[in-house]
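Here the structure comes first, spelled out in C-alpha cells, and everything after it is commentary.
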Amino acid sequence: MLSMQNISKVFTTDSVQTHALREFSLEIDEGDFVSVTGPSGSGKTTFLNIAGLLEDSTSGAYRLDGEDISGLGDKERSRLRNEKIGFIFQSFNLIPELDIFDNIDVPLRYRGLKANERRQRIEQAINTVGLGSRASHLPTQLSGGQQQRVAIARALAGEPRFLLADEPTGNLDSQMAEGVMELLEEINAAGTTIIMVTHEQFLAQRARRNIFIRDGRVSTDKSDTSLKAAASA
Amino acid sequence: MLTYYIKLGLLSIRKNPVLSALMIAAIAVGIGACMTIVTINYIMGGNPIPHKSDNLYYVQLDSWDPDEPAEEPNEPPRQVTYIDATALLAAGKASRQVVSYRTVRVVEPEVKDQLPFTANTRSTTADFFAMFDVPFLFGSGWDKAADDSLEQVAVLSRDMNEQLFGGENSVGKQVTMNGEQYRVTGVLDNWIPVPKYYDVTTGAFNDPEEIYFPFSISIANEVSGDGNTNCWKPIDDGGFSAFLNSECVWMQMWVELNSESEKTSYLSFMDAYVDSQKLLGRFPRPLNNRLSNVEEWLINQEVVDEDAQVLLGLAILFLIVCLLNTIGLLLAKIMRRAGEIGLRRALGATKGAMFSQQIVEAGIIGLSGGILGVGMTWLGLRAIERLFEGVSFIEHLVSMDWVMVLSAVILAIVSALLAALYPTWRACNIQPASQIKAQ
Ligand SMILES: Nc1ncnc2c1ncn2[C@@H]1O[C@H](COP(=O)(O)OP(=O)(O)OP(=O)(O)O)[C@@H](O)[C@H]1O
Ligand SMILES: [Mg+2]
C-alpha cells in the first residue's frame, strides 16, 4: 500500500524554479500493476524517485506500507529501499566490473544476509529470469534484454513489496521488450506491486491501472475493473 | 562486510589502474622522503646509551685564561689538562672514571707480505669498556692493575681483528704498534655509537677507534694525541714532560655517578680540587666546573644541528604536498564513480556503508603506498649512503629497523585515510537518485 497526499516537488537551480510535481495525490493498492504515462518532463521520474525514497518531496505526506516517511533518517530510508523496494532502470544500471552473480548480490550484502542465504536467493532469481547459465558473465557480455533481466533479478532477489520500473523497455527492441514485459507480469502475478513508467501505449494498456500525468499532476486514472475484479475474485 | 569492502576496493583499484598507481606513487614518494630524513635524524639525534645516559657525566674544569673564557659566553674548556685528569683519576671519587684521548699508531702485521699501516687508536683507562657498555666478541678489557703496572695490553675492534687475525679469537696474541708489542686481551663486537658521544671532539659521527690500549702506557711511551689540543699559556721547554705539565687541554674525562647525591658530592669534590689548585697559582678564573650527562653534553656540543630540523620540516611539507595531490586524485576517482555510488545508495547502502567502502579502499591504497614507501626509504637511505661513503654508521642505516618499517606503513595508512576524509565525505553525500539518471 502506497499513499501520496498533496506531494509537491520543486527543483531550484540558478534561481529557476521547476515545479516537477504539484499537489500530487495517489493511492496504490497492494498487488496492483500500475502504468504511468505522460509527456516528457511531466514528472513521471520525479514521482517514481519520491515513491522509491530516492528523493525527498518539497511538501506533502507520503506513507509507504503504512509507514510515514517524513522524518525518517538515512539509515531507515536505506533500509526501506533495501527491503521493500526493487528498482528497474531504463539503462539497466549494472556495475560493469562485477559479474552477474555479484551484481545481484549487491542489495543482499547491504541487508546483511548470510552467504548461504544470499547464494540461494541469487540462484533462484537468476533462474526466474532465465539466465541460469550466465552467473559468471560480466554485464558487457550480455545483450541489452539479458542485462535488463539481470537488473530485474537483482530487484527480485530482495523479495520487494514494490517494484518501481522507469521505462524498463526504453532501451530494448520490441521482441526483448515483450520478454521483459511478460516477466514483469509474472512477477506481479506472484504478488509484487509494480509501478511502471513507460512511453509505449500498448505496454501501458497491459497494466491493470493506467495513470496519465501532465504538468506534475495525475490527469487521468483508469482502472481495468474487469481485470481487477478477476484478480480479487 | 570488511572482506566485501576489501574485494570492492581491489576491484576498483584494478579498474582505475592509472589513477590508483598515481595515488600510491604520491604517497610512497612522500613517505619515502619523510622517512629517510626521519631515520637519519632519529639516528643522529638519538640517545646512544639510553639506559645509562643519566649516570655518565662529562667532566669540565675551568682552567682557562683569566682574560677570556674558553668559549663565549662563559664556557669552560671542552677538554681537560693532563695534570687535572690524572689528579681526578687518582682521587677515584666516582664509581667509574675514564680518561682517554685519540692517537694514531703504525700497526705492523705479523703476516709476512702485509705492509704496516696507520690506525686510529685510543689511549684510555680500564673502566672505558664497562662504563660505555662496549660489547665484546672475545675476551675482555684490561683491569685497573694492568693500568697501574704499565702492562702492554690492547683491545681490538672487530674489523681490526678481521684484518690482523682473519677474525679468529686473537686473545693472548701480540700486536705491534710503533715497534712495541701489545698482548690482545679482548676483541670488540660491532660497536658504533651514534653519535660517538664519548669523544665528540674528534668528530661526533666518525667511527670509533680500532685499537684501545692503556693510558698509562701511552703516557710512558710519550704518545701524543691526534685530536684537538688547545693551550692558552705558552708551553715551557722540555719536551713531552713539559707538555704534560702545561695548561693545554687535550683529553676527555668521564665519570659514572649513580645518583643525584653522588653527582652533587662529585661536583663539590671538583670545586675543592680547583680551590686547592688555586693556592698553587693555577685556575685564575672564578669557579666554573661542570658535569654534563650524555644528553646535556650532546646538546651543549650541538651535535644535532638545526639543518636537520629544517630538512625534517621540508620533508613533512613535501609529504603534505603529496597528500594534497592524493586528495585531488581521490576526488577525481570518486566523481568518476558517482554513478556506482548513487546506484549502491539506491539499492539500500547507507551513508555509513558507502563511507566504510571508500575508507577501506583508501586504506588499501595507503597500505600499498606505505609498502612502496618503505622501498623508497630504502632507496633514499642508499642514496645518502652513496653520498657519505666510508662513514660506517651511515652504512648501518639500511639495516635499520623494524620501528622504521612499521612507522612508515602506519604513517602511509594514516596519511591516506586523512587524504580520503574529504573525498569520502563527498561520496557519502552523492544523492541516490540524481546520479542514476545521469548514467
Ligand atoms: N534534478 C533536477 N534538477 C532540476 N530540475 C529537474 C531535476 N529533475 C527533474 N527536473 C525537472 O522536473 C521536471 C520533471 O522531470 P521528470 O524527470 O520527472 O520528467 P519525466 O516525466 O520523467 O520526463 P521523461 O519522460 O523525459 O523522462 C522536468 O521539467 C525536469 O526538467
Ligand atoms: Mg523520466
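Lettering of chains follows the sequences in order, A, B, ..., and the numbering in each one begins at 1. Values below: all heavy atoms of this structure, side chains included; hydrogens, waters and symmetry mates excluded.
For chain A, the nearby parts of B/Ala349 are the backbone and the side chain; heavy atoms of each come within less than 4.5 Å. Neither the backbone nor the side chain of A/Arg111 has a heavy atom closer than 4.5 Å to any heavy atom of chain B. Contact of B/Arg14 with chain A is not made at all, since no heavy-atom distance falls under 4.5 Å.
Summarising the local packing, CZ of B/Arg336 is surrounded by 12 or fewer heavy atoms from other residues, nucleotides or ligands at distances under 6.0 Å. Heavy atoms of other residues, nucleotides or ligands lying less than 6.0 angstrom from CD of A/Gln124 number 12 at most.
By the 4.5 Å heavy-atom criterion applied to side chains, B/Tyr4 and A/Val106 are counted as neighbours.
Per-residue counts of heavy-atom pairs under 4.5 Å with chain B were compared for A/Arg154, A/Glu83, A/Gln90; the largest is that of A/Arg154.
The minimum heavy-atom distance between A/Pro96 and B/Lys15, with the atom names listed, is CG-NZ, 4.2 Å. Residues A/Tyr110 and B/Gly348 share a closest heavy-atom pair of CB-O, 3.9 Å. For B/Arg345 against A/Ser78, the heavy-atom pair with the smallest separation is NH1-OG, 3.5 Å. Listed here is the closest heavy atom pair of B/Leu347 and A/Asn82: O-ND2, 2.9 Å. Between A/Leu54 and B/Pro432, the closest heavy-atom pair is CD2-CB, 3.7 Å. Nearest approach of B/Ala346 to A/Phe87, heavy atoms of both residues: O-CE1, 3.3 Å.
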Would you sort out whether B/Gln431 and A/Glu55 count as a side-chain contact (heavy atoms from CB on, under 4.5 Å), showing the intermediate values? CA-CA 8 Å; B/Gln431 281 302 313; A/Glu55 262 173 65; 5.5 Å; no
Begin with the C-alpha distance, continue with both residues' side-chain angles, and end with the deciding distance and a verdict on side-chain contact (heavy atoms from CB on, under 4.5 Å) for A/Leu98 and B/Leu8. CA-CA 9 Å; A/Leu98 297 184; B/Leu8 292 178; 4.3 Å; yes
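Here the CD-CD distance, from A/Glu97 to B/Glu340, works out to 5.5 Å after rounding to the nearest 0.5 Å.
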